[in-house]
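Inspection log for the structure reproduced underneath, given as structure tokens.
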Amino acid sequence: MNMRFSLGSVFAKGASPGTAEDRAAEKAEPDRAAPKEPERLGRISSGWAWYKAKQVVVANWIEARVRFLRRLIRGEELFLLLPAVVLGMLVGSTVTALRQLISTIHHVAFGFSIERQWMQVAAENPWRIVLVPVVGGLLLGVAGYLYKRFSNREIVDAIEANALHGGRMSLTGSLVIVGKTLLSIGSGGSVGIEAAITQFGAALFSWTGRRLQLSRHQLRIMVACGAAAAISAAFNAPLAGVFYALELVLGNYVVTALAPVAIAAIAGMLVSQSVLGNEPIFYLASQPTVSGSDYVLSAVIGVGAAALGVAAMRLATMIDAAYRRAKAPDWLRPAIGGLLLGLVATEFPYVLGSGHGGIEEVLHQGLPLMVLAGLVLAKSFASAVSIGSGFTGGLFSASLFLGSLYGAAVGTVLSSLIPALSPSALVYALIGMGTVAASIVGAPITMILLIFETTQEYAVTMVAAIGVVVAALVTRRWFGYSFATWRFHLKGIELRGAQDVGRLYELQVREILDRDVMKVPPTLDMATLASLFLFGRKTVAFVVDDDGVFLGVIDVNDTNAAIIEGAGDRKIAELMRPQPLTVRPTDRLSTAVEIFDRTDFETVAVVSGGERPRLLGCVHEADVHRRYFAETERMRREEVGYRE
């Protein structure tokens with residue numbers, strides 16, 4: 001008996017199982033509520049194919065728009081303003097968010113805002129002042145150790161990127177810098193956030209410029225735009241942001257860069273103002289007064305500010321060298337620095353953080369002379385310890401705070417010693433703020449404009465401008481570096497600014513390789529060589545063996561001297577000059593320049609690699625200088641907006 005039956009027929013129709021009528025009904029009316037598996041999979045497969053096809057269409061559409069924008073910007077630099085506006089707003093919003101995030105971290109770590117309530121932190125939570133920098137330094141050291149272990153990529157800042165790498169920066173590496181800076185400042189490190197925000201802004205613009213395949217000149221301008229937007233948003237000072245980018249990041253006042261840099265700075269400022277308001281970051285509680293004697297004393301303050309700035313930079317270097325001599329592990333250095341910072345902060349809690357709130361304290365309420373003098377020493381030491389121990393950040397804000405302390409102290413002393421001058425401690429605090437920052441940061445026009453934008457006082461700005469110029473000149477004469485370029489000097493990179501020297505460094509020997517050279521065997525006699533010089537146009541012969549291996553050189557003067565002395569029958573091998581200094585085709589032209597400077601050679605042999613280098617040709621000193629001049633002229637044409 002056939003026991004097969006349909007459950008669907010039993011529950012759906014209530015009929016007896018296994019009948020012929022039921023089986024016929026199943027074949028005639030299949031269950032539509034439960035489609036067959038192959039049909040369902042087929043519909044899923046077709047839906048997935050439709051989704052992937054839509055993805056391809058969208059990707060192609062985006063790529064077409066990017067190609068169009070790329071051609072537009074590369075063809076007409078006016079359209080560079082478009083990414084300057086969009087990315088400038090993005091940088092401004094990021095800077096605003098980071099400032100709020102740091103304030104939140106301070107509340108969590110210290111219980112209060114260390115930029116506003118130092119004395120409350122010291123009175124109610126003294127243990128946190130020491131513990132938080134140590135723990136933060138330990139976390140920072142471990143994070144740095146892990147990054148070095150799992151990534152060998154060196155992170156370059158905006159100045160180095162524009163000077164040596166044509167504006168190419170790593171966005172991922174810059175985000176690492178931002179994270180380390182947040183950890184450094186959040187744990188009380190005596191550094192500023194400006195290094196992190198300019199790093200992020202410049203890297204974001206650089207990343208976008210590389211995706212648009214912009215030229216080297218345009219990419220360097222994009223990096224300057226990012227830095228301008230960051231500084232403008234951080235200080236609510238667009239003019240200071242523009243000239244910070246031109247002075248430090250671009251290294252030149254380039255006509256073609258002015259419009260995009262200014263637009264990016266304004267865009268960043270507008271976003272910051274929409275969130276934080278239109279108030280300047282430093283405002284004055286009283287009206288400052290300026291007298292004629294202040295102009296003379298401002299120059300004197302500038303000299304002292306230069307000495308203070310150089311001492312702070314030297315101290316940071318000495319602390320770093322002390323760690324190296326002690327052979328302290330790199331991951332432990334920030335924790336040791338955090339301990340030293342915390343011990344100093346127990347007596348002077350004002351040294352914690354970047355110092356923005358401390359500047360307001362000096363400008364609004366003033367501090368006693370002994371407190372000012374102690375804070376000058378404490379802040380100098382705290383910033384140097386932070387930088388030398390490995391805390392990530394810059395000295396922009398720290399130098400402003402240090403300068404305000406120094407200027408207010410000088411003004412207080414002068415008012416006590418020479419009351420007839422009636423010096424204003426507020427005016428001298430502003431002068432000191434600009435002069436010390438100009439010495440350390442190395443951007444005098446930026447500091448002059450920053451004082452003007454934060455005070456809106458023309459007379460005070462003019463007085464401070466004298467001291468700023470003097471401080472910058474004295475620092476350059478005594479020391480020769482700003483803090484940014486001093487760091488490069490310590491790493492063995494001789495940079496005095498962000499000028500595009502990397503473009504010249506990248507020139508290679510093969511670009512001017514002269515393959516039309518006179519090759520002679522070492523067995524040739526001098527008389528025969530003299531006849532070759534006589535009937536040819538060459539003045540130098542390169543001696544090679546039968547395999548083409550380079551042996552040495554001999555010139556027409558050596559040959560003529562041998563003929564005069566009656567040594568015409570002697571072989572070249574006896575009189576040739578070995579030339580151990582050679583170059584390869586892939587070497588930089590600067591290598592050949594060093595050889596020309598160190599020797600009396602006017603021609604250098606170009607050889608292949610290996611133990612037995614073969615002669616490929618030569619480079620001439622005149623050709624090297626001609627190539628450098630041509631590249632420099634091309635750079636100048638790009639800067640003034642000339643297009644080939």
Side-chain angles (χ1 to χ4, degrees), residues 164 491-495 501-634:
L164 297 178
K491 294 191 298 184
I493 304 174
E494 286 300 326
L495 288 180
V501 296
R503 187 164 177 173
L504 300 179
Y505 287 164
E506 292 175 0
L507 298 178
Q508 293 184 343
V509 169
R510 59 184 174 187
E511 299 182 29
I512 57 172
L513 174 60
D514 182 10
R515 297 184 181 274
D516 183 18
V517 296
M518 180 187 295
K519 300 179 182 179
V520 294
T523 57
L524 192 68
D525 58 81
M526 299 298 293
T528 305
L529 179 60
S531 63
L532 294 177
F533 281 132
L534 180 62
F535 294 103
R537 293 180 299 175
K538 305 295 183 182
T539 59
V540 176
F542 296 88
V543 185
V544 296
D545 61 12
D546 295 337
D547 296 328
V549 176
F550 175 65
L551 300 177
V553 295
I554 188 167
D555 59 22
V556 64
N557 295 326
D558 296 334
T559 306
N560 293 336
I563 297 298
I564 293 174
E565 295 175 359
D569 57 342
R570 299 182 63 180
K571 304 301 180 182
I572 293 178
E574 302 177 25
L575 299 176
M576 71 175 183
R577 290 186 297 171
Q579 191 180 28
L581 300 176
T582 59
V583 293
R584 292 177 174 81
T586 55
D587 287 343
R588 296 173 177 174
L589 280 185
S590 57
T591 305
V593 172
E594 294 177 0
I595 295 177
F596 290 135
D597 292 340
R598 290 159 46 190
T599 65
D600 60 346
F601 297 142
E602 296 181 357
T603 303
V604 174
V606 181
V607 298
S608 62
E611 298 180 357
R612 291 172 55 82
R614 296 170 56 86
L615 180 68
L616 302 178
C618 69
V619 289
H620 306 281
E621 184 177 12
D623 292 340
V624 172
H625 293 305
R626 191 179 298 111
R627 182 68 183 89
Y628 273 134
F629 176 79
E631 192 65 25
T632 304
E633 178 64 16
R634 182 182 174 188

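Computed from a predicted structure; not experimentally measured.
Atom CG of D597 has more than 12 neighbouring heavy atoms from other residues, nucleotides or ligands inside a 6.0 Å radius.
Closest approach of P613 and S608 over heavy atoms only: CB-O, 3.2 Å. Annotation for S590 and Y628: closest pair N-OH, 3.2 Å, computed over non-hydrogen atoms. Heavy-atom minimum distance, P522 versus L551: CG-CD1, 3.9 Å. Annotation for T523 and K571: closest pair O-CD, 3.1 Å, computed over non-hydrogen atoms. Nearest heavy atoms, V520 versus A541: CG2-CB, 4.0 Å.
Side-chain contact between T603 and V619 is absent, with no heavy-atom pair separated by less than 4.5 Å. V624 has its side chain within reach of I512: a pair of non-hydrogen atoms, C-beta onward, lies under 4.5 Å apart. At least one side-chain heavy atom of M518 sits under 4.5 Å from a side-chain heavy atom of L529.
Every residue two or more places apart in sequence or in another chain was checked for a side-chain hydrogen bond (donor to acceptor under 3.5 Å, both in side chains) with R614, and none qualifies. With sequence neighbours left out, the salt bridge (Lys or Arg N to Asp or Glu O under 4.0 Å) criterion links D547 to R612. Applying the side-chain hydrogen bond (donor to acceptor under 3.5 Å, both in side chains) criterion to T528, with sequence neighbours excluded, gives D525. For R515, the side chain to side chain contact (heavy atoms under 4.5 Å, CB included) partners are L513, L616, not counting sequence neighbours. Applying the side chain to side chain contact (heavy atoms under 4.5 Å, CB included) test to N560 and every residue at least two apart in sequence or in another chain returns V556. Not counting sequence neighbours, the partners of R626 by the side-chain hydrogen bond (donor to acceptor under 3.5 Å, both in side chains) test are D623. By the salt bridge (Lys or Arg N to Asp or Glu O under 4.0 Å) test, D516 pairs with K538, sequence neighbours left out. Remark: D555 engages V540, N557, D558, R577 in a side chain to side chain contact (heavy atoms under 4.5 Å, CB included) (not counting sequence neighbours). A search for side-chain hydrogen bond (donor to acceptor under 3.5 Å, both in side chains) contacts involving E631 returns R503, R627, not counting sequence neighbours. Not counting sequence neighbours, the partners of E602 by the side chain to side chain contact (heavy atoms under 4.5 Å, CB included) test are E621.
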- Query: Can L524 and L532 be said to form a side chain to side chain contact (heavy atoms under 4.5 Å, CB included), step by step?
  - Reply: CA-CA 11 Å; L524 192 68; L532 294 177; 4.0 Å; yes
- Item | Verdict with supporting geometry, M526 and I554, side chain to side chain contact (heavy atoms under 4.5 Å, CB included) | CA-CA 10 Å; M526 299 298 293; I554 188 167; 3.4 Å; yes
- Take V509 and L589 through the test side chain to side chain contact (heavy atoms under 4.5 Å, CB included) and record every step on the way to the result. CA-CA 5 Å; V509 169; L589 280 185; 4.3 Å; yes
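Judged by distance alone, the side chain of E511 and the main-chain N or O of Q508 form a donor-acceptor pair under 3.5 Å.
Rounding to the nearest 0.5 Å places OG1 of T582 at 7.0 Å from CD1 of I595. For the atom pair NE2 (H620) and CZ (F596), the distance works out to 8.5 Å, reported to the nearest 0.5 Å.
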